[in-house]
Amino acid sequence: MQTNKTNEQFGYFDDANYEYVITTPYTPTPWINYLGNDGFYGLISNTAGGYCFDRDPKFRRLTRYRYNSVPLDNGGRYFYIRDENDFWSATGRPVNTELDEYSCRHGMGYSRFNASKNGIATQVTSFIPLDTKAEVHSLVVTNNNDTEKTVDVFSFIEWCLWNAEDDGANFQRNLSTGEVEVEDSTIYHKTEYRERRNHYAFYSVNRELDGYDTNRESFLGQYRGFDRPQVVENGQSTNSFARGWSPIASQHLKLKLAPGESQSLEFVLGYIEVEVEDKWESKNVLNKTPAKALAARFDTHEKVNDELKKLNDYWHNLLTKFSVDTPDDKFNRAINIWNQYQNMVTFNLSRSASFYESGIGRGMGFRDSNQDTIGFAHMVPDKVKERILDLSATQKPDGSAYHQYQPLTKKGNANIGGNFNDDPMWMVLSTTNYIKETGDFSILDEMVIYDDQEEATHDHFDHLVRAFNHVVNNLGPHGLPLIGRADWNDCLNLNCFSENPNESYQTTQRGASDVAESVMIAGQFVLYGQEFVDLCLELGKFELAASCLAHVDTMRSTIEQHAWDGEWYLRAYDSRGEKVGSNENEEGKIFIESQGFCAMAGVGLDNGKVKQALDSVEKHLSTDFGIMLNQPAFSSYNKYLGEITSYPPGYKENAGIFCHNNPWITISEAMIGRGEKAYEYYSKITPAYLQDVQTLHKTEPYVYSQMVAGNDSANPGEAKNSWLTGTAAWNYYAATQYILGIRPVYSGLEIDPCILPSWDKVNVKREFRGAQYDIELRNPNGLSKGQIELNIDGQSVEGSIINATTYSGQHTVVATLV
Ligand code: GLC
Ligand code: GLC
């Protein structure tokens, strides 16, 4: 393996600092990080490209970014440094001047850029402080020469005119609407403030200016790019004032630096909302008081450092609620740092804004957001509760759900509607997982509206009952659940029959859709239906439990009877009642989703079907880079199957490695005790293990990507769509609850690992319902799975569950695998 070579090419992990260090501006794709924790967010690449927004990346975008631009990654928070006739970027790009030194450290909620050239060293630290609607960019310039230097600094951001979709499309209007104000060292962006907006943005710096520009063309010069602005070349701002066209904010600061001297500049890119009656200071002059107060919180280097420290403490606290020490550094790194961090990002952004999701298309997905909660319930349980209840409120009275809701209004998205029939049961997963983590059953008593209501008349538990019944009330000819528009696989559109390229597969549904059935939903119903039965038993609702159990049991036998193909589980029946995912098919003979769900649900566990299905997965779907979604790939478009057959073979849902579903197989392998297989599937898609193949893999080596190209593609192993993927939560859940086997249950914390036989000892620190456990898992006989002998604080304890009502405070647990 050529590990070091490739590592040196792009970067390396610095685990002690919870950072990934990127050593070149020219990564295969922009390698990004996220700033912000609570409603105000920024995306930032390894050269400071990206944008920020308040809550909704479509309707409240502050800065402009060009997706799919040439060159890549255009638009960001740029700092141009000019020394006599030379100039460069403090963040490595967009100026392509070769630097003597460059690095970008992506950390937890911040990114730091170091550059040096001609003996001038710069450091930019970018972050969004806690409870703050602003990006702070702290720039330190140091003169390492033995002579005095005068250095010109030019900042640059370009304003987005709020509605990001309109901003990129409606030029007949928006080239006339741009408005700014400049006062002292602050540039205010107030486009559309004269009319219905009661929000504006500003860019400030804590020092007197030597000039500014607010008009893009004046700054760049005609027909120039971000790589060589005219103003920077000339060494002097023009004090331009934008009226329409494209407003920007650029500040010019001249620093005189003695040998060895450092000076710092604190830039604040802030967002302000004011009450309608407080909008103006005088006619057409905006009320700047709140902006000044916000900027003043960060007007010294000390204040900024204090805020950065608070942010670091916040993350440290979150990430140490669960930490692990196994003999495998990569496993530790993934679990302790990056996977948890990515889980939090998926909590904040769902699938809305990344370098692949343009922030204008999608809201919070019902199925995605419910699933995501299993990755961070241990870190932010209160926010999980709120999220689940928000989702619950977009449910319809018949138990179905809006497929997405919009974060600003928290209302179901009518453009996409519902009828994705896997949606309802995911709420059983999120809710039971939340209760098992926290012990807080009160979530079930919260009164929650149904989407058509003004006032809530039913509690959240009732929402779960209706979710369960939605499956029961929507069964097809074989007694399997009807698929509706699609199940988990958005692209398996069995009721769409689209022949018109201008139609959306997601929203088009033809006919009554009372034939096509999903075996994935069937398995999901058995798994989470059983969860629901267990919940009813916990609550003492025995009658309900019994009637639900009857439905679950019926579904089990229906699957065995109608959905077993001989060596694996079928995927579906299409609208004509024909099998999908059968050995009888020419293409798409076997699919991963139904194997995963039927196996996790234990359908056919006692008669060998689970094992056989998993063996078939290994035989037909497993590759060096993970498990493909289906095989053989579809070679041509088939309107009866829909979008899945629209993709070229090996990509996305057509036989790509769609990482989100791989953990379902990992969990299933762990459940039947095959620790080496479970680890193998886990590690194949985990980025910490992919350092050696970065040139091929392309996306960030610290986070999961949605999709890795499969064997039918031109470049097997090449990834796309990094960051916002259900893979993060699911692989974390698989690793912690099934490989390590530290699993919250209603009564406490169960220990039921399925590990590599070579792991002789694993240490876990786990906060759980107010207690802290130091758990040492011992494996003296080199097993994967076995019985657990439990010893708590020196006392041997029956069973494998740490009872949550018995313990509080700090405890030492030894669990021995025998
Ligand atoms: C995307 C969607 C998710 C869906 C998956 C498979 O990741 O966000 O909802 O389940 O694709 O189609
Ligand atoms: C979903 C999924 C994606 C799929 C797309 C098709 O949004 O994210 O995997 O390709 O639907 O529209």
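Counting convention: from 1, in listed order, for ligands and their atoms alike. This structure is a prediction, so every number in the text was calculated from the model and none was measured.
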Would you say T725 touches ligand 1, if touching means a heavy atom closer than 4.0 Å? no

Could you work out, for atom 12 (O) of ligand 1, the closest of E653, K652, H660 by heavy-atom distance? E653

Give the numbers and elements of all ligand 1 atoms closer than 4.0 Å to a heavy atom of R367. 3 (C), 4 (C), 9 (O), 10 (O)

Using a 4.0 Å cut-off to any heavy atom of F658, which atoms of ligand 1 qualify? 5 (C), 6 (C), 7 (O), 11 (O)

Under a 3.5 Å cutoff, is there a donor and acceptor pairing between the side chains of [X] and [Y]?
{"X": "Q395", "Y": "H463", "answer": "yes"}
{"X": "Y402", "Y": "D423", "answer": "no"}
{"X": "T29", "Y": "T699", "answer": "no"}
{"X": "N731", "Y": "T686", "answer": "yes"}
{"X": "H660", "Y": "Q371", "answer": "yes"}

If we set the cut-off at 4.0 Å for heavy atoms, which region of D368 has an atom near ligand 1: side chain, backbone, both, or neither? side chain

Check: W488 N/O within less than 3.5 Å of ligand 1 N/O: yes

